[in-house]
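Since the structure comes first, as C-alpha coordinates, the remarks are kept for the end.
Hydrogens, waters and symmetry mates play no part in the numbers below; they use all other heavy atoms, side chains included.
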Amino acid sequence: MSARSIKPACVFAGPSLAGNALPRDIASFPPAKRGALLAAVRSGYRRIGLVDGAIEESERLSLSELKGALATPGVTVLGAASMGAVWAAQFESEGMRGVGRVFRLFRRGSVTDTDEVYVLHAPAPLRYRCL
(Lines give C-alpha, C1' and ligand atoms only; values in the text may rest on other atoms or scores of the structure.)
Protein backbone atom coordinates (compact mmCIF):
# COMPACT_ATOMS: atom_id res chain seq x y z
CA MET A 1 0.00 0.00 0.00
CA SER A 2 1.45 3.36 -0.95
CA ALA A 3 1.73 6.22 1.51
CA ARG A 4 -0.88 8.15 -0.49
CA SER A 5 -3.51 5.45 -0.01
CA ILE A 6 -3.23 5.48 3.79
CA LYS A 7 -6.06 7.49 5.30
CA PRO A 8 -5.89 9.05 8.75
CA ALA A 9 -9.00 7.94 10.62
CA CYS A 10 -12.66 7.04 10.47
CA VAL A 11 -15.45 6.39 12.94
CA PHE A 12 -18.59 4.26 12.70
CA ALA A 13 -21.36 5.94 14.66
CA GLY A 14 -25.03 6.73 14.68
CA PRO A 15 -27.15 8.06 17.53
CA SER A 16 -24.38 7.98 20.12
CA LEU A 17 -22.63 10.89 18.42
CA ALA A 18 -25.74 12.69 17.16
CA GLY A 19 -25.23 16.43 17.23
CA ASN A 20 -21.48 16.17 17.77
CA ALA A 21 -19.13 17.33 15.05
CA LEU A 22 -16.02 15.34 14.22
CA PRO A 23 -12.72 16.92 13.19
CA ARG A 24 -12.49 17.33 9.42
CA ASP A 25 -9.75 14.75 9.05
CA ILE A 26 -11.92 11.96 10.51
CA ALA A 27 -14.30 10.29 8.08
CA SER A 28 -17.74 9.49 9.45
CA PHE A 29 -19.63 6.31 8.56
CA PRO A 30 -22.96 4.91 9.74
CA PRO A 31 -23.12 2.26 12.48
CA ALA A 32 -20.75 -0.63 11.73
CA LYS A 33 -22.26 -3.57 9.94
CA ARG A 34 -20.94 -6.78 8.46
CA GLY A 35 -18.17 -6.01 5.95
CA ALA A 36 -17.78 -2.33 6.86
CA LEU A 37 -14.71 -2.74 9.05
CA LEU A 38 -12.94 -4.89 6.49
CA ALA A 39 -13.80 -2.33 3.79
CA ALA A 40 -12.34 0.49 5.91
CA VAL A 41 -9.08 -1.42 6.42
CA ARG A 42 -8.86 -2.29 2.73
CA SER A 43 -9.47 1.32 1.70
CA GLY A 44 -6.53 2.49 3.81
CA TYR A 45 -7.88 3.61 7.19
CA ARG A 46 -5.42 2.88 9.98
CA ARG A 47 -7.21 4.39 13.00
CA ILE A 48 -10.77 3.15 13.21
CA GLY A 49 -13.31 4.12 15.84
CA LEU A 50 -16.29 1.91 16.60
CA VAL A 51 -19.16 3.51 18.48
CA ASP A 52 -22.46 2.13 17.19
CA GLY A 53 -23.24 -1.07 15.34
CA ALA A 54 -26.03 -2.47 13.18
CA ILE A 55 -29.00 -3.85 15.09
CA GLU A 56 -30.23 -6.66 12.86
CA GLU A 57 -28.43 -9.93 13.51
CA SER A 58 -27.88 -10.59 9.80
CA GLU A 59 -26.11 -7.21 9.46
CA ARG A 60 -24.12 -7.16 12.70
CA LEU A 61 -20.37 -6.79 12.55
CA SER A 62 -18.94 -10.26 12.96
CA LEU A 63 -16.45 -10.91 15.72
CA SER A 64 -14.14 -12.64 13.24
CA GLU A 65 -14.10 -9.47 11.15
CA LEU A 66 -13.19 -7.45 14.23
CA LYS A 67 -10.44 -9.92 15.13
CA GLY A 68 -9.12 -9.69 11.56
CA ALA A 69 -8.90 -5.90 11.73
CA LEU A 70 -7.13 -6.10 15.09
CA ALA A 71 -4.60 -8.53 13.62
CA THR A 72 -3.81 -6.22 10.68
CA PRO A 73 -0.37 -4.62 11.14
CA GLY A 74 -0.55 -0.85 11.58
CA VAL A 75 -4.31 -0.75 12.27
CA THR A 76 -5.59 0.63 15.57
CA VAL A 77 -9.23 -0.02 16.52
CA LEU A 78 -10.82 2.01 19.29
CA GLY A 79 -14.22 1.46 20.88
CA ALA A 80 -16.44 3.81 22.86
CA ALA A 81 -19.95 4.68 24.02
CA SER A 82 -22.27 1.90 22.92
CA MET A 83 -21.35 -1.35 21.18
CA GLY A 84 -17.87 0.02 20.59
CA ALA A 85 -17.27 0.01 24.35
CA VAL A 86 -18.60 -3.55 24.62
CA TRP A 87 -16.31 -4.75 21.82
CA ALA A 88 -13.35 -2.91 23.36
CA ALA A 89 -13.92 -4.61 26.72
CA GLN A 90 -14.19 -8.00 25.01
CA PHE A 91 -11.15 -7.54 22.77
CA GLU A 92 -8.81 -5.46 24.93
CA SER A 93 -6.46 -8.44 25.26
CA GLU A 94 -6.28 -8.63 21.45
CA GLY A 95 -5.24 -5.01 21.11
CA MET A 96 -8.50 -3.09 20.85
CA ARG A 97 -8.41 0.15 22.81
CA GLY A 98 -11.38 1.34 24.79
CA VAL A 99 -12.08 4.97 25.57
CA GLY A 100 -14.68 6.78 27.59
CA ARG A 101 -16.97 6.25 30.54
CA VAL A 102 -18.98 3.29 29.20
CA PHE A 103 -15.80 1.37 28.44
CA ARG A 104 -14.48 2.03 31.95
CA LEU A 105 -17.78 0.82 33.46
CA PHE A 106 -17.56 -2.43 31.48
CA ARG A 107 -13.93 -2.93 32.30
CA ARG A 108 -14.42 -2.69 36.04
CA GLY A 109 -17.62 -4.78 35.98
CA SER A 110 -20.07 -2.04 36.99
CA VAL A 111 -21.94 -2.76 33.76
CA THR A 112 -22.04 -6.34 32.50
CA ASP A 113 -24.89 -6.61 30.00
CA THR A 114 -24.89 -5.13 26.49
CA ASP A 115 -28.57 -4.27 26.91
CA GLU A 116 -27.50 -1.63 29.41
CA VAL A 117 -25.59 0.38 26.81
CA TYR A 118 -26.93 -0.66 23.42
CA VAL A 119 -28.48 2.30 21.61
CA LEU A 120 -31.45 1.25 19.51
CA HIS A 121 -31.56 3.29 16.33
CA ALA A 122 -33.61 3.69 13.18
CA PRO A 123 -32.39 2.38 9.78
CA ALA A 124 -30.44 4.41 7.22
CA PRO A 125 -33.46 6.07 5.54
CA LEU A 126 -34.28 7.63 8.92
CA ARG A 127 -30.64 8.68 9.46
CA TYR A 128 -29.99 6.25 12.33
CA ARG A 129 -31.99 8.38 14.75
CA CYS A 130 -32.09 7.15 18.32
CA LEU A 131 -35.23 5.18 19.16
Co-members of the apolar cluster containing L78 [side chain, <4.5 Å]: V99
Sequence-distant partners of R108, side-chain hydrogen bond (donor to acceptor under 3.5 Å, both in side chains), two or more places apart: S110
Heavy-atom pair with the smallest gap, counting every atom of F106 and A89: CB-CB, 3.9 Å
Inter- and intrachain pairs under salt bridge (Lys or Arg N to Asp or Glu O under 4.0 Å), touching residues 83-96, at least two apart: E92-R107
ILVMFWY cluster, V51 and L70 together (side-chain gap under 4.5 Å): no
Contact summary for A40 and C10, nearest pair of heavy atoms: CB-SG, 4.1 Å
Minimum heavy-atom distance S16-S82, with the two atoms named: OG-CB, 3.6 Å
Shortest non-hydrogen separation from A54 to K33 and the atoms involved: CB-CB, 3.7 Å
Where R97 and T76 come nearest, the two heavy atoms and their spacing: NH2-CG2, 3.4 Å
Side chain to side chain contact (heavy atoms under 4.5 Å, CB included) partners for P23, two or more places apart: D25, I26
Qualifying ring pair (Phe, Tyr, Trp, His ring centres under 6.0 Å) pairs, either residue in residues 7-34, two or more places apart: F12-F29, F29-Y45
Atom of E65, atom of L38 and distance for their closest heavy-atom approach: OE2-N, 2.8 Å
Results of side-chain hydrogen bond (donor to acceptor under 3.5 Å, both in side chains) for S64 - residues two or more places apart only: S62
V102 vs V111 side-chain heavy atoms within contact, under 4.5 Å: no
W87 CH2 to L66 CG distance, which is reported to the nearest 0.5 Å: 7.0 Å
Min side-chain heavy-atom separation M96-L50 under 4.5 Å: yes
Side-chain donor or acceptor of R34 paired with backbone N/O of R60 under 3.5 Å: yes
Joint hydrophobic cluster, F103 plus L63, side-chain heavy atoms closer than 4.5 Å: no
Same apolar cluster (I L V M F W Y, side chains within < 4.5 Å links), V11/V41: no
